Amino acid sequence: MEEKNIIGMLSKTDKILLSNLKNGEMFANEVELKCGLERAAVINSARKLLSLNLINIESITKSRLRLTYLGQKYLKEGLPEYRVFCFAKKNKTFEYKQLFSSIVMDKDELNAAIGVLKRLSAIKVDGGKISVNLDPSSLIEERNVILKSVENNENVDYKFVQDFIKRGIIEQINEINEKFSITLSGVKIIKDPEFNKDYIDKISTNDIKNWQGLNFRGYIENPEIISSLSGKTNVKTKFISLIKNAMVSMGFLEMHSNFVESTFWNFDVMMFRQDHPDREIQDTVYLNGLEAVVPEKLLKNVKKVYESGFFSSKYNESIGYRRKFDTSKSNSLIMRGHTTATTFRYISEFISKNKDKPAKFFSVDKGFRNETMDNTHLLELYQIEGIVYGDNLTVSDLIGYIKQFYKKIGINNIRLKPTYNPYTEPSLEIQAFSPNLKRWIEVGNSGVFRPETLKPFGISKNIIAWGFGMERMLNLKLGIADIRDLYGAYTDIDLLRELESAKVFGEF
Ligand code: PHE
C-alpha cells in the first residue's frame with residue numbers, strides 16, 4: 001500500500017498512538033493514562049497499526065497482588081484484628097463475650113481476628129477474660145496499611161501478604177500488558193508532511209449533505225471491492241427469521257424470555273424428579289451466588305402433585321412419585337437447559353388466566369447445556385419451541401403440526417418414534433434422514449403435557465408441545481456436517497459468504 005493511502009486510513013486515535021511511540025516503547029496502560037484513552041480504543045488502534053506494519057506488539061504477562069472483594073471490605077472498615085485490637089486498647093481487660101455484643105462482625109471473622117492477635121501476643125486470653133498488650137500496636141497498624149499499599153499497587157512486604165492470601169483478602173493475579181514499539185515504516189509515516197494534515201474522522205449528517213470539498217479519512221484501500229466485503233447477515237440469523245415467519249404464518253405468537261432461569265421453571269414444574277440426571281452439574285450450568293424468587297402458591301401445588309399426585313375422575317391413576325419434594329432446591333439459578341421453561345411461564349402467565357381461549361405460542365431461542373463440543377453440539381443450542389392449547393387436542397393434532405412445520409421448512413423425510421419425557425405422555429421423538437451421515441438423526445422432541453404438569457395451574461384440557469433443534473435443521477438444509485463452521489469461534493468465513501450468495505433458503 002502506498003504511504004499516502006496508509007496515512008489517509010489513520011484515525012485520530014491511531015495518529016495519537018503512533019506519535020507517542022516516536023520517543024520509545026510504551027505499555028498499553030501507559031498510553032491509556034497519558035492520552036486519556038479507553039483501553040479498548042488503545043488495543044483496537046494498536047491492532048490496526050500492527051496490521052499496517054507501523055508498530056510491533058509484544059504481550060507481557062506480569063503477576064501482581066490485588067485486593068479481593070473481602071479485601072476491599074477490610075480496606076474500608078479495617079482488618080478484623082485491627083478492629084478487635086482497637087476495642088481491646090480502649091477496654092484493657094474485658095470479657096470474651098463482650099466482644100460479640102460490641103463489635104458487629106461475623107463469628108468466624110471475630111475468632112480469626114482473636115487468633116491473629118494471640119499469635120502477635122497483642123492479647124492474652126485467660127478463661128473467658130481478655131487482656132491487652134500494647135507492645136505490638138505498630139505491627140497491627142502496619143498490617144492495615146498493607147491493604148492500602150496493595151490497592152495503590154505499591155511494593156509490599158511478602159511476609160504479611162502470604163497470611164492475607166491464605167485468608168482470601170489478597171490474591172495474586174496475572175495481568176497481560178501489551179508493549180508497543182514503532183517500526184521503521186511507522187517512523188517514516190510520522191515524518192511525512194501528510195501525517196499532520198487534518199481530515200474528518202467522524203462523519204456527521206451535515207458532512208454527508210455537503211461532502212464536496214471536504215477532506216475525509218479513508219476507510220478502505222479499494223472502494224471497488226466494498227460490496228463483496230460488506231457485512232452480511234449470517235445464514236443462521238436468516239434461517240431463524242424465516243422460521244419465525246413460518247411460525248407466525250401458522251398463527252403462533254412469539255414468546256420472550258430470559259436465558260437465566262430457576263430450577264423451579266426449568267425442572268420442577270415439569271415434574272423432573274429431584275434426582276433426575278439432567279439436573280446434575282455435568283449437564284446443567286449452575287450460577288452460584290444468587291437465588292430466584294419462586295411463586296409460593298405454585299410451588300406448593302407442584303410439591304403436592306409431585307409427592308402424591310391428584311385425584312380426578314379422568315386420571316385417577318395419578319399417584320405422584322410418593323417421595324418428598326424438597327422446596328429448598330427450587331430457587332437455584334441456572335442457564336436454562338431448554339425453552340420449555342419459557343413455555344411453562346406462558347402457561348402460567350397467559351393460558352391459566354384465560355382458560356376458555358385457545359392459544360398458540362412459539363419461540364426460537366437459546367438453551368444451554370454443559371456438553372462437550374463436537375460437530376453437532378455447541379454449549380448452546382437454539383430450540384424451536386411450540387405449544388398449542390385448545391379443546392380436544394390429541395396426539396394426531398401434534399403429528400399434524402410437526403409434519404406441517406417440517407414441510408414448510410423443506411425437510412420432507414421425517415419419521416416419529418415413541419420416547420420418554422418426564423413431562424409428556426405420549427412423547428414423540430422426531431427423526432430426519434441425513435443424506436450426509438446416511439442415517440436417521442434426532443431433530444426434535446414433542447408430546448402431550450402430562451396432566452400432572454398442568455394440574456398446579458388448574459388446567460385440565462390437553463396441551464400439545466414440541467422442541468425442534470434449530471442447528472440440526474440448518475445442517476440438513478445446507479448439507480453441512482459441522483455446526484461449528486456456521487457460527488461460534490471457528491466459523492468458516494468463506495463458506496458463509498458462499499452460502500449467502502447462493503441464496504440457499506428461498507421463501508418458506
Ligand atoms: N424440552 C424438550 C427438549 O429440550 C423438547 C420438548 C418440548 C418436548 C415440549 C416435549 C414438549 O428436548
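This structure is a prediction, so every number in the text was calculated from the model and none was measured. Starting from 1, each residue takes its place in the sequence as its number. Indexing begins at 1, ligand by ligand and atom by atom, following the structure's order. All values below come from the heavy atoms of this structure, side chains included, with hydrogens, waters and symmetry mates left out.
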Quiz item: So which of Tyr401, Phe449, Phe361 actually passes ring-ring contact (aromatic ring centres under 6.0 Å, His included) with Trp466?
Solution: Tyr401
Quiz item: Does Arg336 make a cation-pi contact with Trp265 (under 6.0 Å, within 45 degrees of the axis)?
Solution: no
Quiz item: Looking at Phe325, does the NZ or CZ of Lys303 lie under 6.0 angstrom from its six-membered ring centre and within 45 degrees of the ring axis?
Solution: no
Quiz item: Exactly which residues line ligand 1, taking a heavy atom under 4.0 Å from it as the test?
Solution: His338, Thr340, Arg369, Gln383, Glu385, Asn421, Tyr423, Thr424, Asn445, Ser446, Gly447, Ala465, Trp466, Gly467
Self-check item: Point-to-point distance, once rounded to the nearest 0.5 Å, from CG of Asn266 to CG of Asp278
Solution: 9.0 Å
Quiz item: Can you list the residues that meet the ring pair (Phe, Tyr, Trp, His ring centres under 6.0 Å) rule with Phe180, with sequence neighbours excluded?
Solution: none
Exercise. Describe, in one word, how the ring planes of Phe457 and Phe344 are oriented to each other, choosing from parallel (under 30°), tilted (30 to 60°) and perpendicular (over 60°).
Key: tilted
